[in-house]
Chemist: 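Attaching a single structure in structure tokens format; questions to follow.
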Amino acid sequence: MAPTLALVGATGAVGTVMIDIINNRESVPWGEIRLIASPRSAGKKITVRGEERTVVALAPEAFDGVDIAMFDVPDEVSAEWAPVAVARGAVAVDNSGAFRMDDEVPLVVPEVNPGKVADRPKGIIANPNCTTLSMMAALGALHREFQLTELVIASYQAASGAGQEGIDQLYGELDAVAGKGLGARAGDVRAAVEAAGLSLADSPFAGTPLALNVVPSAGSYKGDGWFSEELKVRNESRKILGIPDLKVSATCVRVPVVTTHSLAVHATFAREVTVESAHKVFEAQQSIVLIDEPERGRFPTPADVVGGDPTYVGRVRQALDFPNTLDFFVCGDNLRKGAALNTYEVAENLATEF
């Protein structure tokens with residue numbers, strides 16, 4: 001009998017992308033697909049695989065008969081409800097940060113460590129942060145060939161990484177400054193945004209405009225100069241790749257892009273690596289698209305790759321003055337591969353157990 005799949009957070013930003021992924025699959029392994037959301041969203045009608053389905057309210061009985069439950073909800077909701085789903089007989093695949101660093105919860109990227117799916121003492125599998133995921137297919141492939149030892153990252157993260165609130169804030173700010181001929185002075189942008197009635201104090205971008213700007217913070221401040229997104233990159237990369245002593249340093253920056261994260265990656269390996277050998281590794285991966293013709297102005301950008309499932313890689317070059325080191329640029333849709341797609345691919349892998 002085909003397994004039953006539940007999507008918790010079906011009406012949210014990532015949940016909506018998840019439904020789009022399910023609708024566009026050639027085939028799916030599910031018998032029933034159940035949509036679950038907060039009580040205020042219960043009763044909504046959503047078409048999935050050509051069938052109109054009614055969203056049900058999040059409650060213990062919503063998981064009765066569910067084999068796999070995908071969670072696309074805030075950390076505190078997952079922390080409370082993923083164990084409830086497990087107690088009702090489901091395997092939980094969680095896209096939040098609630099369980100990522102739990103030693104009894106595997107952190108899985110199917111292209112990198114698919115075998116970890118079966119090692120789930122708590123019945124929960126975690127999905128990495130969207131920033132980490134944007135580079136992980138590329139790094140995992142290189143690590144298998146050349147043994148990664150050090151990693152320095154600069155991220156250029158989209159507003160949607162801060163949720164619907166981030167998207168709404170950026171769109172509002174862009175509307176406020178459009179056509180005003182503003183210069184680079186922060187006061188001009190700030191004044192225009194505030195004159196439009198938008199609160200910067202309550203925005204997810206550190207009280208600073210994101211429109212016509214970049215903001216060198218992402219997530220919450222954790223002390224000693226570090227923000228949570230930067231520490232996630234370090235800790236999650238170590239866990240996914242299975243390199244507990246991997247040297248990692250990250251600087252995470254918000255940029256005025258709605259969807260798709262980009263990363264500049266500086267990766268050092270134990271074995272000799274060349275641009276040519278790296279190209280061969282990337283070209284062999286089904287989930288990676290290599291666009292690397294800088295002399296013709298061809299390399300990945302968010303505007304070109306948004307809405308796509310693969311990881312896009314370009315600007316691959318030998319790092320000057322650093323042996324066995326590559327610099328390259330990665331783009332990935334943070335709502336698809338960075339969240340919904342990876343979660344769904346983990347669930348698909350699980351489906352073979354039922």
Side-chain angles (χ1 to χ4, degrees), residues 74-76 79 96-103 107 126-136 138-139 143 148-163 165-166 169-170 173 184-187 189-190 193 199-241 243-257 260-269 302 315 319-322 325-332 334 338-339:
D75 293 9
E76 63 273 14
S96 83
F99 301 100
R100 287 174 186 153
M101 299 315 298
D102 188 320
D103 290 339
L107 188 62
N127 197 57
N129 175 264
C130 53
T131 312
T132 308
L133 262 174
S134 296
M135 64 177 177
M136 199 45 60
L139 282 176
H143 173 58
L148 182 66
T149 60
E150 298 180 19
L151 189 59
V152 180
I153 302 295
S155 73
Y156 309 90
Q157 296 179 218
S160 56
E165 180 187 6
Q169 181 73 23
L170 179 57
E173 292 179 8
R185 291 185 300 169
V189 178
R190 185 181 295 272
V193 169
S199 170
L200 290 174
D202 297 327
S203 88
F205 305 124
T208 302
L210 187 60
L212 305 184
N213 202 12
V214 297
V215 182
S217 73
S220 57
Y221 184 65
K222 295 298 184 182
D224 296 326
W226 296 100
F227 283 84
S228 59
E229 290 278 315
E230 295 158 344
L231 299 178
K232 288 175 185 177
V233 168
R234 175 178 183 263
N235 297 332
E236 293 176 15
S237 295
R238 289 175 163 185
K239 185 173 180 179
I240 296 164
L241 295 168
I243 316 174
D245 59 349
L246 180 65
K247 296 179 180 179
V248 183
S249 185
T251 300
C252 293
V253 181
R254 291 283 183 202
V255 296
V257 169
T260 294
H261 289 348
S262 304
L263 297 96
V265 180
H266 178 90
T268 300
F269 301 89
R315 296 293 320 279
L320 300 176
D321 304 321
F322 296 90
T325 300
L326 291 177
D327 287 311
F328 56 93
F329 193 72
V330 180
C331 286
N334 56 295

Chemist: Within a strict 4.5 Å, meaning less than it, do heavy atoms of the Leu151 and Met135 side chains meet?
Modeler: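 A side-chain contact exists here, since the closest heavy-atom pair is under 4.5 Å.
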Chemist: Check Lys239 with Glu236, please: is the shortest side-chain N to carboxylate O separation under 4.0 Å?
Modeler: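 No, this pair does not count.
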Chemist: What is the distance from atom CZ of Arg254 to atom CD of Gln169, rounded to the nearest 0.5 Å?
Modeler: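 Those atoms lie 12.5 Å apart.
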Chemist: So, for Gly166 and Pro204, which heavy atoms are closest and what is the spacing to 0.1 Å?
Modeler: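 Smallest interatomic distance, heavy atoms only, reads CA-CG, 3.8 Å.
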Chemist: Side chains of Ile240 and Leu133, heavy atoms from C-beta outward: is any pair under 4.5 Å?
Modeler: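 They are not in contact (no side-chain heavy atoms under 4.5 Å apart), so the answer is no.
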Chemist: Can you tell me how far the SG atom of Cys252 sits from the NZ atom of Lys232, to the nearest 0.5 Å?
Modeler: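 Going from SG on Cys252 over to NZ on Lys232, the span is 9.5 Å.
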Chemist: With no hydrogens and no angle check, is any side-chain donor or acceptor of His261 less than 3.5 Å from a backbone partner on Gly332?
Modeler: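 Not confirmed, His261 side chain does not pair with Gly332 backbone.
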Chemist: Taking the side chain from Arg234 and the backbone from Glu230, do they hold a donor-acceptor pair closer than 3.5 Å?
Modeler: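 No, because the side chain of Arg234 does not come within donor-acceptor range (under 3.5 Å) of the backbone of Glu230.
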Chemist: Work out which heavy atom in Ser134 is nearest to a heavy atom in Leu263; give both atom names and the distance.
Modeler: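 Here Ser134 and Leu263 meet closest at CB-CD1, 3.4 Å.
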Chemist: Indicate yes or no for a side-chain donor-acceptor contact from Glu173 to the backbone of Leu210 under 3.5 Å, with no hydrogens or angles considered.
Modeler: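 Side chain of Glu173 to backbone of Leu210: a pair is present.
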Chemist: Within the side chain of Asp224, is there an N or O that forms a donor-acceptor pair under 3.5 Å with the backbone of Trp226?
Modeler: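 Absent.
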Chemist: Can you tell me how far NE2 of His143 sits from OG1 of Thr149, rounded to the nearest 0.5 angstrom?
Modeler: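 If I round to the nearest 0.5 Å, the distance is 10.0 Å.
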Chemist: Without swapping roles, check the side chain of Asp75 against the backbone of Gly97 for a donor-acceptor pair under 3.5 Å.
Modeler: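 Flag set: sc Asp75 to bb Gly97 pair under 3.5 Å.
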Chemist: Quick check: closest heavy atoms across Leu148 and Ile243, and the distance to 0.1 Å?
Modeler: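 In terms of heavy atoms, the two residues are closest at O-CD1, 3.8 Å.
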Chemist: How long is the straight-line distance from CZ of Phe99 back to CG of Asn127, given to the nearest 0.5 Å?
Modeler: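 Result: 13.5 Å between the selected atoms.
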Chemist: To check you understand the geometry: which heavy-atom pair defines the closest contact between Phe227 and Ala218, and what is its length?
Modeler: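 Between these two residues, the closest heavy atoms are CB-O, 3.4 Å.
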Chemist: Just by distance, do the side chain of Arg238 and the backbone of Leu246 share a donor-acceptor pair under 3.5 Å?
Modeler: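 Pair found, side chain donor or acceptor close to backbone of Leu246.
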Chemist: For Thr208 and Asn213, what are the C-alpha separation, side-chain angles and deciding distance, and is it a side chain to side chain contact (heavy atoms under 4.5 Å, CB included)?
Modeler: CA-CA 9 Å; Thr208 302; Asn213 202 12; 3.2 Å; yes
Chemist: Is it true that atom CZ of Arg315 has more than 12 heavy atoms of other residues, nucleotides or ligands lying nearer than 6.0 Å?
Modeler: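 Counting other residues, nucleotides and ligands, CZ of Arg315 stays at 12 neighbours or fewer.
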Chemist: Over 60° means perpendicular and under 30° means parallel, so tell me whether Phe329 and Tyr156 are parallel, tilted or perpendicular.
Modeler: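 Tilted: the ring planes of Phe329 and Tyr156 meet at 30° to 60°.
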Chemist: Where is the tightest heavy-atom contact between Ala211 and Val189, given as atom of each residue plus distance?
Modeler: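 Heavy-atom minimum between the residues: O-CG1, 3.6 Å.
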Chemist: Can you tell me how far the OG1 atom of Thr132 sits from the CG atom of Leu139, to the nearest 0.5 Å?
Modeler: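 Here the interatomic distance stands at 10.0 Å.
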Chemist: Would a 4.5 Å heavy-atom cut-off, applied to side chains only, mark Leu212 and Pro256 as touching?
Modeler: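 Answer no - side chains too far apart.
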Chemist: State, yes or no, whether a side-chain contact exists between Met136 and Ser237 at a heavy-atom distance under 4.5 Å.
Modeler: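 With C-beta onward as the side chain, the pair touches.
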Chemist: Can you check whether Ser220's main-chain N or O pairs, donor with acceptor, with Ser228's side chain at less than 3.5 Å?
Modeler: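 Confirmed, Ser228 side chain pairs with Ser220 backbone.
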Chemist: Using side chain to side chain contact (heavy atoms under 4.5 Å, CB included) as the criterion, point out the one residue from Leu326, Val152, Ile153 that pairs with His266.
Modeler: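 For His266, the side chain to side chain contact (heavy atoms under 4.5 Å, CB included) test succeeds with only one of Leu326, Val152, Ile153, which is Val152.
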Chemist: Do Asn334 and Gln157 have side-chain atoms, one donor and one acceptor, less than 3.5 Å apart?
Modeler: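 Their side chains do not contain a donor-acceptor pair, so the 3.5 Å distance test is not met.
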